[in-house]
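For reference, the structure discussed in these notes is given below.
Both backbone and side-chain heavy atoms feed into the values below; hydrogens, waters and symmetry mates do not.
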Amino acid sequence: MTIRNLDALFRPRSIVVAGPNRLGAEALELLLRRISEGGFAGTKTVVGCGEELPDGYRPKRRISDMQEGAELAILLGAPEEAAATVKTLAASGTRAAVALSPHYDRWRDADVTATLQAGQPATLRLLGPGSLGVAAPLANVSAHLGACDAHPGDLAFIARSGTVANATLSWAAANGVGFSGVASLGQRADIDVSDMLDWFALDYRTRAILVHLETIANPRKFLSAARAAARSKPVVVLRSGASREVSGERVTHAGRIAVADAVYDAALARAGVLRVEDIDEMFEAVETISRVKPVSGRRLAIVATGGSLATLAADQLQRQGGVLAEPHPDTASALAASQRPGHPASNPLCLCETAGAEAYAQAAGALLADRNVDAVLAVVAPSAFTSLEDTANALAHAGSAGGSAYGRRKPLLVALTAGAPLPRKSLDRARIPCHGSASEAVRAFMHLVRYADGRDMLMAAPPSLPADFQPDPETARDVVRMALSRGQQWLTPPEIHRILAAYGISQVETRLARSPQEAASIAAELMQTGDRIAAKLVSPQLPFKSDVGGVLLDLDTPEAVESAARDLLARIAETHPDAEITGIALQPMLHHAHSSEVFIGLADDPTFGPVLLFGHGGTGVEVMGDIAIGLPPLDLNLAEAMVRGTRVSRLLEGFRNRPAADMHAIALTLVKVAQIAVDIPEIRELDLNPLIADSRGVTVLDARIAICEARVHPGRRPTSRLAIAPYPKEWERDLALKDGTRVDIHPVRPEDEDRYRRFFEKVSPEDLRLRFFAPVKEFNHAFMARLVQLDYSRAMAFAASDPESRDILGVVRLHADPDHRTGEYAILVQSSLKGQGLGWALMQMIIDYAAADGIETIKGEVLKENTTMLAMCTALGFSVRSSPDDDAIAEVTLPVSPAGRPAD
């Protein structure tokens, strides 16, 4: 359940305040005043709170006394009475309720469960308990107990904490920021942040979404909703609670490094949302994203009075990863006369301390018009000789000239470096972000940059995986199943070797010796191809063998190996008498010139399931802190982004006479480990440390894998523990058409983009028009990305391909609504293949998928002139009727599950 009946929260036609009131007279008075002053024009009823009410309210003693039900109910009664109240309200037609409280309020689990069950038959949605309430200023809804009211605007705000909600509402009122909707979630018994994201993502009044959260109960639902929202508008997240988190037992480097808050960072970045660290930064982000569109680059031009202010802004920009723009020579020439003597550079542009308002406006206007500039920051300091207010007014005019605030292609940001109150009214009217310091303004600019980068990453088309990457998951599963049956918590070196080999991960030869004598014998064999041996302790209780001196290097004879192994075992028996010793792992020493040690790990997060780690390797991996985290599944783009997110990547790129490492091989190894996480949920943690990376590729020198029975994560099955739905390989098919031609069918993947484009080129213009309802002339990347980059939690597309050429022959897709009840289909087949049964086979497959996925009804729109499609729909059992909005279009509908079929 997601957005069902949420319209009753934000667009109700009637409201009932249901007592008896346990919150006190002051809270009731404030609530009723807010609802009235908000301009709500629908019916307003108060039940069980006395007869003395403000004008416009109808008093009732009982809910049954109401002549007609109210769509939205505000619950003021005791938790133990809520279930009975909700049951009566639901029967009368109420579709949403808010369990209101002016402060922290947590109900007993029994009361929450009873209340939810009472509303379930009518699908009544519950906000709270412990909610401050809800506001939708554009719909004149103000049913909350916040510190101040919300003004109309285009920013949606979702808050877990009532305190954060109050702080944000107060700041917004003082800074002229308005809202399309505000929701205080409270305990999140029913309505959660994912539901709200889905609602506001579809709300045309909302331009950006601001979220405060602490924990996520259903990560797959959240990431799916966040990703869908972030594709269409900025989403900013403030998370609190990291200091209260307690890590469980972590048995590998990966487990120790992947602390919960770092994993949240990675998950939010994967969803394409922007995370901020504190309320101040959240306000900065709100100030910016609610007023300007995201930038298309990171080149910032700075204009300021005085060199120090300009330099401070430029320094901050450099520290945060921005780029100082290089204005076009024509712009630089035009600004030369305004430049302060002794400062020849045109960016930052240093004006004289006594520069007037007009000089600021001219400089900002010229820089905004420059094609080499992505955004402009004006830093203004007070002066005894100029008016700060006049300069703000001039900048407001310059920023809004040439188009509306929403139509501006480039943002202008202003920093008024003076004490409060700032003379910002004209800037607020022009919707130009205004900050109190250059540092704040630069950080706000980088919010726009990071959002744009995240959006681009969401839309990037990854290269295809190598054709020779054909993992053998069954072999790996067999290894793990056998180890678990023997009660193992760690895999032995030979078992690890088999798992890595099954996924094509290169590793140094490793042999396990059970005694010093066997170690000498194995060393003699290994030294036929090498001159040095490494001996490593293997013990389930001592996974970090370097910590106990369990790694011995550069052993040059079998006798040296035997002696070293004997001494090591004796020392461990004395220092760790309870440790179980599996044996001694022996490896030939590798000597690769110009190689680097890197680390790849897999950890198990209690919220998001498996997470991938990459960074600088070696024994100091935990103290180096040079780690990037990502969530599986990964494609090559995402893996490469993880590598680029570390400092060691600069070493891997090569310098001077040091050749670059094979970056593709490193990224591919990350993808392979991610696939292990997808295929084998019993692998709890994994360390590949170190891996030797150089121009020839990557080789694993040491590995450890911890295993346990697969855990059930919220919202997922043990065998599908990923927070992001993986590629559904189980839906791959091999089908025969009417003439015997065989076709491969697979779920569409991002790397299908080029093949998808070539497919469209083989479809006739007329068939394209029938599919898209209009002539199609160009298939750009943005359009194609929407077709091939699927969130398998809410959308599916199947492509039929020629088994030899791999050319796409036809595609069918189904996109579910946020409630996952109805899916809208579309289909297109290569024009030359019509009549061979491919369209029928694809339609039958998407119907089977919808039934398996729990979708109740498939719907579609077909041009009435497309008689072939309508005939096929009729033969498949679809009902057909004219669209009420367009007589040229037919709506086709097919119930695919019992819930979607009409009653007899």
Side-chain angles (χ1 to χ4, degrees), residues 251-253 475-476 478-480 482-503 505-592 597 617-619 683 685-692 699-707:
V251 295
T252 61
H253 290 307
T475 293
D478 287 343
V479 170
V480 173
M482 290 297 295
L484 286 173
S485 70
R486 292 190 293 267
Q488 292 177 221
Q489 295 179 326
W490 292 89
L491 296 184
T492 64
E495 290 167 338
I496 293 172
H497 180 87
R498 291 182 63 193
I499 293 217
L500 297 185
Y503 284 84
I505 297 175
S506 176
Q507 54 198 307
V508 67
E509 183 179 1
T510 303
R511 305 274 295 277
L512 183 65
R514 304 286 180 175
S515 67
Q517 295 81 5
E518 186 180 2
S521 175
I522 292 173
E525 297 176 17
L526 293 176
M527 295 185 74
Q528 294 178 10
T529 56
D531 60 352
R532 294 287 190 275
I533 295 295
K536 303 176 181 180
L537 179 74
V538 180
S539 168
Q541 287 75 38
L542 303 172
F544 303 103
K545 41 190 168 286
S546 294
D547 294 353
V548 296
V551 178
L552 307 173
L553 304 177
D554 289 316
L555 303 173
D556 56 1
T557 65
E559 293 76 18
V561 170
E562 181 176 356
S563 175
R566 182 176 293 107
D567 292 345
L568 174 60
L569 293 175
R571 177 165 51 84
I572 295 299
E574 182 178 346
T575 58
H576 297 82
D578 296 330
E580 174 191 346
I581 307 301
T582 305
I584 303 292
L586 300 174
Q587 299 173 334
M589 293 285 294
L590 297 184
H591 301 284
H592 288 189
E597 290 188 345
T619 56
I683 290 183
E685 295 181 24
L686 173 151
D687 279 349
L688 304 182
N689 183 42
L691 295 90
I692 294 297
T699 302
V700 177
L701 295 191
D702 200 3
R704 59 174 67 95
I705 296 178
I707 58 174

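Between Ile533 and Met527, the shortest heavy-atom distance links the atoms CG1-CG, 3.6 Å. For Ile496 against Ala703, the heavy-atom pair with the smallest separation is CD1-O, 3.5 Å. The two residues Ala483 and Ile707 have their closest heavy-atom pair at CB-CD1, 3.6 Å. When every heavy atom of Ala585 is checked against every heavy atom of Thr510, the shortest pair comes out as CB-CG2, 4.0 Å. Shown here for Pro690 and Gly618, the closest heavy-atom pair between the two residues is CB-N, 4.2 Å. Pairing each heavy atom of Trp490 with each of Pro543, the nearest pair is CH2-CB, 3.5 Å.
Side-chain atoms of Thr492 and Glu495 include a donor-acceptor pair closer than 3.5 Å.
The distance from atom CD of Gln488 to atom CD1 of Ile705, rounded to the nearest 0.5 Å, is 11.5 Å. Atoms CG and CZ, on Leu537 and Phe544 in that order, are 13.5 Å from each other to the nearest 0.5 Å. With rounding to the nearest 0.5 angstrom, the CD1 atom of Ile522 is 7.0 Å from the CG atom of Leu512. Atom CD in Glu509 sits 13.0 Å away from atom OG1 in Thr699 (nearest 0.5 Å). Taking CG of Leu586 as the reference point, atom CG of Leu552 lies at 10.0 Å (rounded to 0.5 Å). For the atom pair CG of Leu542 and CD1 of Ile572, the computed distance is 6.0 Å after rounding to the nearest 0.5 Å.
Here the side chains of Ile499 and Val480 are in contact, with some heavy-atom distance below 4.5 Å. By the 4.5 Å heavy-atom criterion applied to side chains, Leu500 and Leu688 are counted as neighbours. With a 4.5 Å cut-off on side-chain heavy atoms, Leu701 and Gln507 do not count as touching. Contact of the Val538 side chain with the Pro493 side chain is registered, since non-hydrogen atoms from C-beta on lie closer than 4.5 Å. Looking at heavy atoms from C-beta onward, His576 lies out of side-chain contact with Arg571 at the 4.5 angstrom threshold.
Gln489 contributes no side-chain N or O that, together with a main-chain N or O of Pro540, makes up a donor-acceptor pair within less than 3.5 Å. Side-chain N or O atoms of Gln541 include one that pairs as donor or acceptor with a backbone N or O of Glu580 at under 3.5 Å. In this structure a side-chain-to-backbone donor-acceptor pair under 3.5 Å is present from Glu685 to Thr252. Proximity of a side-chain donor or acceptor of Ser521 to a complementary backbone N or O of Glu518 within less than 3.5 Å is not detected. Side-chain atoms of Arg514 come within 3.5 Å of backbone N or O of Thr582 as a donor-acceptor pair.
Within 6.0 Å of the CZ atom in Arg532, the count of heavy atoms belonging to other residues, nucleotides or ligands exceeds 12. The number of heavy-atom neighbours closer than 6.0 Å to CD of Glu525, taken from other residues, nucleotides and ligands shown, is above 12.
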Q. Between Glu597 and Ile692, does a side chain to side chain contact (heavy atoms under 4.5 Å, CB included) hold up when you go through it step by step?
A. CA-CA 5 Å; Glu597 290 188 345; Ile692 294 297; 3.9 Å; yes
